[in-house]
Protein chains: 2
Amino acid sequence: MSEQNKVDIYPSMVVADSQENVRAVEKVTIGAQLKAIRTNNKLTLEEASKRTGLARSTLSKIENEQISPTFTVMQKLAAGLNIELPQLFTKPKARQATGRRDITLKSTGKSHVTSTYEHELLATQFRNKKMMPYKSRVYARSFEDFGEWVRHEGEEFLLVLEGEVQLLTEFYEPMTLSKGDNVYYDATMGHLVISVSEEDAVILWVTAD
Amino acid sequence: MSEQNKVDIYPSMVVADSQENVRAVEKVTIGAQLKAIRTNNKLTLEEASKRTGLARSTLSKIENEQISPTFTVMQKLAAGLNIELPQLFTKPKARQATGRRDITLKSTGKSHVTSTYEHELLATQFRNKKMMPYKSRVYARSFEDFGEWVRHEGEEFLLVLEGEVQLLTEFYEPMTLSKGDNVYYDATMGHLVISVSEEDAVILWVTAD
DNA sequence: GGATAAAATTTCCAATAGGAAATAAAGTTA
DNA sequence: TAACTTTATTTCCTATTGGAAATTTTATCC
C-alpha cells in the first residue's frame, strides 16, 4: 500500500478552501518515530509487543509504514511505551547543543522600574530560552498597590534573597517568606508578592511556560 | 515572622496538593472531541466531509465511537478542519487553575550529599513541574573531583547565593562567579561548578527540559 | 398534524488493519 | 562456515475500518 499511505491530504480539500486552511502538516512519519522510541529504549519488537499488547507483526508493519495504525492502537503504544501520544508523530525538537551561555554579573542586568517592583531581567543575551529569570526589588506593600491579581500561563519559582516578603495568592492564605525561603506555584493562580520588611526585599524568580 | 510562622507553614507544605500526583491520563474520547470541534464550527457532517475528504458515514461513526480512525484519517481530519492533530484527543485545556503551590522554608528540603555537592531539592511536593529548583552547597574544588562533564537535556539557570564559584564549561573559559552573579546555559553542554572561596559556596539552580 | 427538506445514522460491501505463524535476516558460538 | 539463537519481516487469514447508498431522525414550513 505504501503510496496510498502517504497521505494525500490536500488534493480535494485544498481546492475547496482558501489557502489559509492548508496547514503546514509537516510530513509526519509515525513509523520512524515509533522505531526511534523503541530502539532508544533498547526494546525488541517482542518486548514492545509484550508491553503494548500488540502483535510483533503489527509493530513491524507500523514501523515500516505498511499500515496506518488506528487510534486505539496508538493509545496502546503510548500507554505501553510510557510516552505521551503526540510523541508518536512529533519530531523531538532538533537538539542543537549549541552550548549557549549567558552570564549576568551582579547588577548588570537591564532594569525596569514600576511602582510595585524594580525588575531586573537576567540572561538577556540568551534568546528563546525555556525559563525567564528575574531579580526584583519589591516596593509594593499591599494588594492595593496592584489593584488586581497577577496571573499568567506557566509556573513560577520564587526565592527570597533579602528581606521578607508576603506571597498573596488567590487560593491560599498569605504566606510570609524570609531570606532563603522559596515557593513554586502555578502562575495561572492569581499571585502577588509584597514587601513586609524594614529594608527593601529582593527576590529571585524564574518562570517557565 | 520567623519561628512562629515557620511552624505553621510546615504543614501547608506537606499538604501542598496531592491531587496533582495523579498523572492525567484521562480517558480520551476522540469521538466527542471531533463532534465538539465540528459543531463549534457550525459544520454539518456533509460540510465536514467535503473539507476532510472523508465520507459522512465515516465521520458519523467516529463521532459515535463506532470505529477507531486510522492515523491517516486523523491527519485528514486535522488538515481539513484546520486544527492541530493532538486537539482531536486533548481536552481543550480545561484551564484548571488548580493553584498548585509548594513552599520550602530555608533548609527544610531533602538533602542529598555527594563528594562534590550537597543538593537540596526544593518544592518536592509539587510533582510534574516544568522546572526543578535546587539549592546546593558546593564541595568540589576541581574538575578532577567529578572526573567528567555533567551533561543533560534542557537548560539551566544558576545563581550564586554565597561564596564564590567557578563555572567550568565544555566550550568556554572558566568563569568566576560571586554572590549575586548568575548564568543561564544550555545543559547539553558539559558543565561543572566548583567552589573557589574560603567558605563553602552555596548556589541556587533551576533546570527545565 | 402531515408533508417536505435537511441532517445524522445505519446498512452493506470493498478495502485495509491487526494477529498467528511461517519465513527471512542478523547476530552468536563453536 | 555451519549450526544455532535471536530479532525482524512477510504471508495468510480474520476482524475492523471507510465509503456509497439506503434508512432513520430531526428540523421547517404549511
Side-chain angles (χ1 to χ4, degrees), chain A residues 1-17 25 27-83 85-89, chain B residues 27-81 83 85 87-89:
Chain A
M1 52 104 58
S2 38
E3 276 315 308
Q4 176 66 354
N5 202 22
K6 279 183 187 146
V7 189
D8 240 30
I9 321 175
Y10 306 126
S12 61
M13 128 212 153
V14 165
V15 191
D17 255 310
V25 177
K27 171 84 183 210
V28 173
T29 54
I30 204 169
Q33 207 51 30
L34 173 59
K35 186 161 199 165
I37 292 170
R38 177 176 66 82
T39 54
N40 285 342
N41 284 68
K42 306 211 192 318
L43 295 176
T44 63
L45 285 179
E46 174 60 28
E47 295 169 319
S49 167
K50 278 239 172 55
R51 286 175 187 246
T52 60
L54 296 167
R56 287 202 310 279
S57 58
T58 302
L59 296 175
S60 173
K61 280 181 274 193
I62 293 172
E63 288 188 356
N64 293 297
E65 306 282 347
Q66 286 173 22
I67 61 176
S68 175
T70 59
F71 183 58
T72 303
V73 167
M74 289 171 67
Q75 287 181 302
K76 288 182 183 173
L77 285 172
L81 299 176
N82 202 41
I83 57 174
L85 214 153
Q87 282 191 253
L88 287 171
F89 49 83
Chain B
K27 181 62 183 177
V28 173
T29 55
I30 204 168
Q33 206 54 29
L34 173 60
K35 186 161 199 165
I37 293 170
R38 178 175 66 82
T39 54
N40 285 341
N41 283 68
K42 306 219 191 316
L43 295 175
T44 63
L45 285 179
E46 174 59 30
E47 295 168 319
S49 168
K50 278 239 172 55
R51 288 178 185 240
T52 60
L54 296 166
R56 287 201 310 281
S57 58
T58 302
L59 295 175
S60 172
K61 282 182 275 192
I62 293 172
E63 288 188 356
N64 293 296
E65 307 283 351
Q66 287 174 20
I67 62 176
S68 175
T70 59
F71 183 59
T72 303
V73 166
M74 289 171 68
Q75 288 184 107
K76 289 182 183 174
L77 285 172
L81 299 176
I83 57 174
L85 213 154
Q87 283 191 253
L88 286 172
F89 48 84

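So you know, we letter chains A, B, ... as the sequences are listed, proteins then strands, and number each from 1. Excluded from the calculations below are hydrogen atoms, water molecules and symmetry mates; all remaining heavy atoms, backbone and side chain alike, are included. All values reported here derive from a predicted model rather than from experimental measurement.
- We find that CZ of B:Phe71 is positioned 18 Å from C1' of D:dG18, with the value rounded to whole Å.
- Projected onto DNA chain D by closest heavy-atom contact, B:Arg56 and B:Pro69 fall at different nucleotides, the more 5' of which corresponds to B:Pro69.
- Closest to the side chain of A:Lys61, out of C:dT9, D:dC12, C:dT10, is D:dC12.
- Straight-line distance from the CD atom of B:Glu63 to the C1' atom of D:dT25: 15 Å, rounded to whole Å.
- A straight line from CG of B:Leu54 to P of C:dA15 spans 17 Å, rounded to a whole angstrom.
- Among the nucleotides C:dA17, C:dG18, C:dA21, the one closest to the side chain of A:Ser57 is C:dA21.
- Protein atom CD1 of A:Ile62 is 13 Å distant from nucleotide atom C1' of C:dT16, rounded to whole Å.
- In this structure a side-chain-to-backbone donor-acceptor pair under 3.5 Å is present from A:Ser68 to B:Thr72.
- If you take CG of A:Leu45 and P of C:dA24, they are 18 Å apart, rounded to a whole angstrom.
- For the pair B:Asn64 and B:Thr70, both in contact range of DNA chain C, the more 5′-proximal nearest nucleotide belongs to B:Asn64.
- Counting to the nearest Å, the C1' atom of C:dG19 and the CD1 atom of A:Ile67 are 10 Å from each other.
- Counting non-hydrogen atoms under 4.0 angstrom, A:Thr58 reaches a base of the nucleic acid.
- Going from atom OG1 of A:Thr70 over to atom CD1 of B:Ile67 covers 10.0 Å, rounded to the nearest 0.5 Å.
- Rounding to the nearest 0.5 Å places CD of A:Glu47 at 7.0 Å from CZ of A:Arg51.
- Side chain of B:Lys35, nearest nucleotide from D:dT10, C:dA17, C:dT9: C:dT9.
- A:Leu59 comes within contact range of no nucleotide atom at all, as no heavy-atom separation falls under 4.0 Å.
- Within the model, atoms CD1 of B:Ile30 and CD of A:Gln75 stand 7.5 Å from one another, a figure rounded to the nearest 0.5 Å.
- At whole-Å resolution of the value, CG in A:Leu43 and P in D:dT6 are 17 Å apart.
- Applying the 4.0 Å criterion to OP1 and OP2 of C:dT9, one finds that B:Gln66 has every side-chain N and O outside that range.
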Could you walk me through whether B:Thr44 and B:Arg56 pass the side chain to side chain contact (heavy atoms under 4.5 Å, CB included) check?
CA-CA 9 Å; B:Thr44 63; B:Arg56 287 201 310 281; over 6 Å; no

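- Of the candidate nucleotides C:dG19, D:dA20, C:dA17, D:dA20 has the atom lying nearest to any side-chain atom of B:Ala55.
- Atom P of nucleotide D:dA8 and atom CG of A:Leu34 are separated by 12 Å, given to the nearest angstrom.
- Between B:Ser60 and C:dT9, a side-chain N or O to OP1/OP2 separation shorter than 4.0 Å is present.
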